[in-house]
Colleague: 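There's a structure below that I have some questions on.
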Amino acid sequence: MKKTIITLTAAATVGIGTVLGGLPLTTKAASISSLKGEQNKIHSQRSELKSGINDANAKINDLQNQENSVHNEISRLEAAMNDTTSKINQKNAKIDETKAEIAKFQEDIKVLQERIEKRNVLLKDRVRSYQANGTVINYLDVLLGSQSFSDFIDRASAVATFMQADQDILKQHEADKAEVEEKQKKVESDLASLETMVADLKKMNEQLSAQRAEKDNLLAAIADEKAEAQEYVVDMQEQEQILAAQEAAIQRSIKAQQAAAAAAAAAAAAAAKPSGNGSNTVAAAPPVSGGSFTRPAAGIITSGYGGRDGSFHYGVDIAKAGSVPIVAAADGEVYVSHFSSSYGNVVYILHNINGQYYTTVYAHMSTRMVGEGTTVTKGQQIGLMGNTGDSHGQHLHFELYRGKWQYHAAINPVGIVPL
């Protein structure tokens, strides 16, 4: 993207330099057809730039949509991670409960083990008693050794009691053993289940974290691409503005060229007719002098700068009969060229003389040959001397300002402009 921007910028700069570099010459010499050709070329370049800007803006919109989608995915992942964290907390609480239960089971197991141990001792004592007597107690002999029926009943009852006691001890012993084994299995199963839950939660967290990191990287990549596209748009907009200024300058040059052609035709027609002062001679333009300024017209000074008839004259009047050329007193650019009720056909030119701006005004011309925006050089003809506006007789009213024009701020041109 950036390489494309640099390439386009360089190409536009070359094109701009070519057009602007040729504008002074174009203003003076190029044909209207040539100017229009340049204008069409710039217009085409502007169209291409606008198309590129539209494409880039469309891409920015698409990237924005992608960015919004990624943000939505990140929000979903964050919700899932929050849910998983909540479940982890719940299961951790369950783990604590299960551990407490396991601890209780272990205490129960310890009690059962002690009970079994005591029964084992009791049974061992019975075995030792049997061994000490040399045989196992024969309950039938006990019964047959009775002395009377009453003694038999008593002995039978005692045998039954002893036998039942032994059976109860054995049954309780087996039951306790089974209970111990069952609780031991439950403890082992609970521990295994907890370990599985913890492993699953860890795995889920790892997956969610990896997905979040992936989305973050994608979001950063989209942001970089969008920034480049926005930079491209700004660059293209700047180039389009420069080309628009060029096109406007060329349009002004076309108008100036057309005005000059019309003025030349009018001057030729005026030269073919008798002038208002009875002469149709064509006067020569004054010779271009050295220095920054030159005399704007041939003729005599009929009124100088200063007080005149109770008022103040803010310029110098130069008069001469015939078709008298008016020339630019210095290099500059025309920024006003129009008809005024007081100044008649008048031209204002802005000059930059060694960093100091001056403005010259040329009034009462019969014909203007330059339009606004025209670049002129010292001694270039800009019109013909005349008697238009508030004027009494053919002459040039010439004014000089230090800086731009301001009402009643003209300075005395004598000593600055060779008159």
Side-chain angles (χ1 to χ4, degrees), residues 263 267 275-277 279 281-354 356-370 374 376-419:
S275 65
N277 57 17
S279 172
T281 58
V282 178
V288 179
S289 61
S292 300
F293 289 96
T294 190
R295 186 182 175 95
I300 61 173
I301 296 177
T302 57
S303 180
Y305 177 90
R308 184 180 69 176
D309 299 331
S311 62
F312 197 91
H313 188 231
Y314 287 94
V316 173
D317 291 346
I318 302 173
K320 187 175 178 62
S323 181
V324 183
I326 306 298
V327 301
D331 297 342
E333 181 178 338
V334 177
Y335 70 95
V336 174
S337 178
H338 65 190
F339 184 87
S340 166
S341 60
S342 57
Y343 279 3
N345 284 312
V346 62
V347 169
Y348 292 65
I349 302 177
L350 182 64
H351 314 275
N352 184 346
I353 309 296
N354 299 323
Q356 172 63 56
Y357 282 98
Y358 291 91
T359 299
T360 53
V361 178
Y362 311 78
H364 306 309
M365 293 190 291
S366 63
T367 303
R368 288 175 285 115
M369 296 182 178
V370 290
T374 303
V376 296
T377 57
K378 183 177 70 172
Q380 178 182 336
Q381 185 174 356
I382 60 173
L384 292 172
M385 188 181 292
N387 188 29
T388 58
D390 187 9
S391 171
H392 304 284
Q394 177 173 294
H395 72 286
L396 167 67
H397 175 76
F398 176 77
E399 294 178 359
L400 176 68
Y401 296 81
R402 182 173 282 108
K404 292 187 177 181
W405 177 91
Q406 291 183 357
Y407 184 67
H408 285 177
I411 62 175
N412 192 346
V414 175
I416 300 176
V417 179
L419 298 173

Colleague: Check the side chains of T360 and Y358 for a donor-acceptor pair under 3.5 angstrom, ignoring hydrogens and angles.
Modeller: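 No, because no side-chain N or O of Y358 sits under 3.5 Å from a partner of the opposite role on T360.
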Colleague: Is the backbone N or O of S342 less than 3.5 Å from a side-chain atom of D390, with the two atoms forming a donor-acceptor pair by type?
Modeller: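 No: the side chain of D390 does not pair with the backbone of S342.
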Colleague: To the nearest 0.5 Å, how far apart are NE2 in H397 and OG1 in T302?
Modeller: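 Here the rounded value is 10.5 Å.
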Colleague: What I'd like to find out is whether the side chain of I382 reaches to under 4.5 Å of the side chain of M369, using heavy atoms alone.
Modeller: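 A side-chain contact under 4.5 Å is absent here.
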Colleague: Quick one: closest heavy-atom pair of A297 and I318, and the distance?
Modeller: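 Looking at all heavy atoms of both residues, the closest pair is O-CG2, 3.9 Å.
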Colleague: Using atom types as modelled and distance alone, determine if a side-chain donor or acceptor of H395 lies under 3.5 Å from a backbone N or O of G393.
Modeller: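 Yes; at least one donor-acceptor contact below 3.5 Å.
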Colleague: Begin with the C-alpha distance, continue with both residues' side-chain angles, and end with the deciding distance and a verdict on side-chain contact (heavy atoms from CB on, under 4.5 Å) for V316 and V417.
Modeller: CA-CA 11 Å; V316 173; V417 179; over 6 Å; no
Colleague: Is the side chain of K378 donor-acceptor paired with the backbone N or O of G291 at a distance under 3.5 Å, no angle test?
Modeller: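 Yes; at least one donor-acceptor contact below 3.5 Å.
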Colleague: Of the non-hydrogen atoms in S323 and L384, which two are nearest, and what is the gap between them?
Modeller: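 Nearest pair, atom of S323 first, then L384: OG-CD2, 3.7 Å.
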Colleague: Quick check: closest heavy atoms across I300 and R295, and the distance to 0.1 Å?
Modeller: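 Minimum heavy-atom contact is N-NH2, 4.3 Å.
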Colleague: Can you check whether R402's main-chain N or O pairs, donor with acceptor, with Q356's side chain at less than 3.5 Å?
Modeller: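 Answer holds: no.
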Colleague: Provide the closest heavy-atom pair for V288 versus G379 in the form atom of the first, atom of the second, distance.
Modeller: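 So the two residues come closest at CG2-CA, 3.8 Å.
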Colleague: Could you tell me whether the side chain of I349 reaches within less than 4.5 Å of the side chain of V370, counting heavy atoms only?
Modeller: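 A side-chain contact is absent here, since even the closest heavy-atom pair is not under 4.5 Å.
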Colleague: With rounding to the nearest 0.5 Å, note down the distance linking CG in D317 to CG in L396.
Modeller: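 Going from CG on D317 over to CG on L396, the span is 8.0 Å.
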Colleague: Nearest heavy-atom pair of A330 and V376: which atoms, and what distance?
Modeller: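 So the two residues come closest at O-CG2, 4.4 Å.
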Colleague: Looking at every non-hydrogen atom in both residues, tell me the closest pair between P413 and L419 and how far apart they are.
Modeller: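 Nearest heavy atoms, P413 then L419: CG-CD1, 3.9 Å.
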Colleague: Does any N or O in the side chain of S391 come within less than 3.5 Å of the main-chain N or O of T388, such that one atom is a donor and the other an acceptor?
Modeller: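 Such a contact is absent between S391 side chain and T388 backbone.
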Colleague: If you round to the nearest 0.5 Å, how far is CD of E399 from NE2 of H408?
Modeller: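 H408 atom NE2 to E399 atom CD measures 8.5 Å (nearest 0.5 Å).
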Colleague: Output the distance between atom CG (D331) and atom CD1 (I353), rounded to the nearest 0.5 Å.
Modeller: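 Going from the CG atom of D331 to the CD1 atom of I353 covers 7.0 Å.
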Colleague: Is it the case that more than 12 heavy atoms not belonging to Y357 sit under 6.0 Å from its OH atom?
Modeller: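 Incorrect, the count does not exceed 12.
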Colleague: Please report the interatomic distance NE2(H364) to CD1(I326), rounded to the nearest 0.5 Å.
Modeller: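 H364 NE2 to I326 CD1: 11.0 Å, rounded to 0.5 Å.
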Colleague: Taking Q394 for its side chain and A319 for its backbone only, find out whether a donor-acceptor pair lies under 3.5 Å.
Modeller: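 Flag not set: sc Q394 to bb A319 has no pair under 3.5 Å.
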Colleague: Below 30° counts as parallel, above 60° as perpendicular, anything between as tilted: where do the rings of Y314 and Y305 land?
Modeller: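 Correct class here is perpendicular.
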Colleague: Do Q406 and T359 come close enough that some side-chain heavy atom pair is under 4.5 Å?
Modeller: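 With C-beta onward as the side chain, the pair stays apart.
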Colleague: Taking the side chain as every heavy atom from C-beta outward, state whether V361 and V346 have any atom pair closer than 4.5 Å.
Modeller: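 When only atoms from C-beta onward are counted, V346 and V361 do touch, with a gap below 4.5 Å.
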Colleague: With respect to Y348, which candidate in Y343, Y401, Y362 satisfies the side-chain contact (heavy atoms from CB on, under 4.5 Å) definition?
Modeller: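 The option that passes is Y343.
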Colleague: Is any side-chain heavy atom of R368 closer than 4.5 Å to one of V334?
Modeller: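 Not in contact.
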